[in-house]
2 protein chains.
Amino acid sequence: MTRSDRERDPDRSRAAILDAAEQLFAEHGYALTSLAEVGLRAGVSRGTPGYFFGSKADLYQAVLERSFDEVRTAVRSGRERALTGDHTAEEILAGAVSDYFDFLSARPNFVRLIEREALGGPARLGREDAPPLSAGEEALAAIAAELGLDPAPSGEAAQLLLSIVSLCWFPVVHADTVARAVGVDLSTPEAHAARKQHVVALVTGGLRALSSIRSDHLLQDASA
Amino acid sequence: MTRSDRERDPDRSRAAILDAAEQLFAEHGYALTSLAEVGLRAGVSRGTPGYFFGSKADLYQAVLERSFDEVRTAVRSGRERALTGDHTAEEILAGAVSDYFDFLSARPNFVRLIEREALGGPARLGREDAPPLSAGEEALAAIAAELGLDPAPSGEAAQLLLSIVSLCWFPVVHADTVARAVGVDLSTPEAHAARKQHVVALVTGGLRALSSIRSDHLLQDASA
DNA sequence: CCATACTTGCTATCCAGCAAGCAAGCGAAG
DNA sequence: CTTCGCTTGCTTGCTGGATAGCAAGTATGG
């Protein structure tokens, strides 16, 4: 072993505290997580989280920022990967939806943190949501360009993107509540895959429907 | 006035406490809501919530149960209304989705309570979710019968129903976080209506896609 | 006058933040 | 090379504020 666990190592401690805090904030929420618990899980003492991060609120902020950074870089690399090779627009959409579904499923901590934030976190986040917001804008521009949809805010592309996010997001949070209540099992990998397949089918089908609706409108406009 | 506000009236007090608690639990969550706050908002003293409901946990439970009851009766009456008159399956589906979208939008407290519950409420709800679960089963049976889909758990009807719930649910929670991040405005009634229209179009379009996929499978099966 | 509807005082618990202390590396003076 | 002293990592004791729940008190109406 390169270093004993007993040695002093601030980087290691910071990372361990961030990991512990992310897990506990995601699991129990801000109010129900004590700094003592964070220290315990991180293998440091009661006071160390406060020592490194100043206050509980600052620690929470640091957790959020680290999550956002991870997500942003992941979204970037995923997008690059999606555009390699030549595929039809529908294939690209299907692949992106599938990837995003897996992406969120693999990051329940992130999803839960944002969820709690949406419900009104510690203090209402009035600050700029720059990191995730920019990721959203990137995704919006990409989907609009790729599918030939209106890229305006609240336009077709934004609506479709929000639908995709809704469909991929919801099962992560509600596997044991709503999904169970409406009779969808999500506990096994197979069930998970089946859900993903349904979502992809719904979105690609919906894209066709949007196109045809737009065609209808064009026809109506032409005939008027 | 039939009764002075100063008179003793346990029913009135109980209802006021439930209203106040529902609002505060939905807004700030269980942990950040104190019984003193509930009493203050309900116009009673600090100790009255405890007097009527025993403990904070019991009060929370009572709030949830009242919400579930309301929702269940609302779902029943909405379903009856949907089946009056003769419409195509697609029209019925579109109407139901539209109604459900409005239904959830009009009940943010309910949505937020369930959301917090899904994130792991006060104590993990290991108890039976009988009320909402039965409402989900009713909806599942109805949608399967009406659209001629497979009513089995995790079958087509269940998947579609979960998608509908996802799409209608998400904007209520994430109007200021994710929706804003992907460029969808939901702040005005018009924007809200536009979102609803998109959801309805997506679901009805998705239904057609599901049908055609099933046809494909049938054709494949037949040709095999 | 008594049961019931409330209120108020009290206490035990929890926890965030601070402040003081201990210990481990580390560079420089001797 | 070694020891002295400073910086930094980390721990522990303490305090003040919040709050749930209980117990004792007060008031109101039948």
In this structure, how many angstroms lie between the [atom2] atom of [N] and the [atom1] atom of [X], rounded?
{"X": "B:D9", "N": "D:dG30", "atom1": "CG", "atom2": "C1'", "value": "15 Å"}
{"X": "A:L40", "N": "C:dA16", "atom1": "CG", "atom2": "C1'", "value": "17 Å"}
{"X": "B:F53", "N": "D:dG21", "atom1": "CZ", "atom2": "P", "value": "14 Å"}
{"X": "B:L32", "N": "D:dA20", "atom1": "CG", "atom2": "C1'", "value": "15 Å"}
{"X": "B:R46", "N": "D:dC22", "atom1": "CZ", "atom2": "C1'", "value": "11 Å"}
{"X": "A:E37", "N": "C:dC14", "atom1": "CD", "atom2": "P", "value": "12 Å"}
{"X": "A:I17", "N": "D:dG9", "atom1": "CD1", "atom2": "C1'", "value": "11 Å"}
{"X": "A:F52", "N": "D:dT8", "atom1": "CZ", "atom2": "P", "value": "12 Å"}

Are any of [X]'s side-chain N or O atoms less than 4.0 Å away from OP1 or OP2 of [N]?
{"X": "A:Y51", "N": "D:dG9", "answer": "yes"}
{"X": "B:S34", "N": "D:dA18", "answer": "no"}
{"X": "B:T48", "N": "C:dT7", "answer": "yes"}
{"X": "A:S55", "N": "C:dA16", "answer": "no"}

A:H28 side, atom NE2; A:Q23 side, atom CD - distance, nearest 0.5 Å: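 Spacing of NE2 (A:H28) from CD (A:Q23) equals 8.0 Å.
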Is any NZ, NE, NH1 or NH2 atom of the basic residue among [X] and [Y] found under 4.0 Å from an Asp or Glu carboxylate oxygen of the other?
{"X": "B:R66", "Y": "B:D19", "answer": "yes"}
{"X": "A:D185", "Y": "A:R180", "answer": "no"}
{"X": "A:E138", "Y": "A:R79", "answer": "yes"}

First encountered from the 5' end of DNA chain D, between A:G47 and B:G54: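 Upstream on the strand: A:G47.
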Residue mapping more 5' on DNA chain D - nearest nucleotide basis, A:D11 or B:A31: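 Final value for this comparison: A:D11.
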From the list [options], which nucleotide is the closest neighbour of the side chain of [X]?
{"X": "B:R8", "options": "C:dT7, C:dA5, D:dG21", "answer": "C:dA5"}
{"X": "A:V44", "options": "C:dA16, D:dT11, C:dC6", "answer": "D:dT11"}
{"X": "B:S45", "options": "D:dG21, C:dT8, C:dG17", "answer": "C:dT8"}
{"X": "A:P10", "options": "D:dC10, C:dC6, D:dG21", "answer": "D:dC10"}

Parallel, tilted or perpendicular: ring planes of A:Y30 versus A:F25, cut at 30 and 60 degrees: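 It falls in the parallel class, under 30°.
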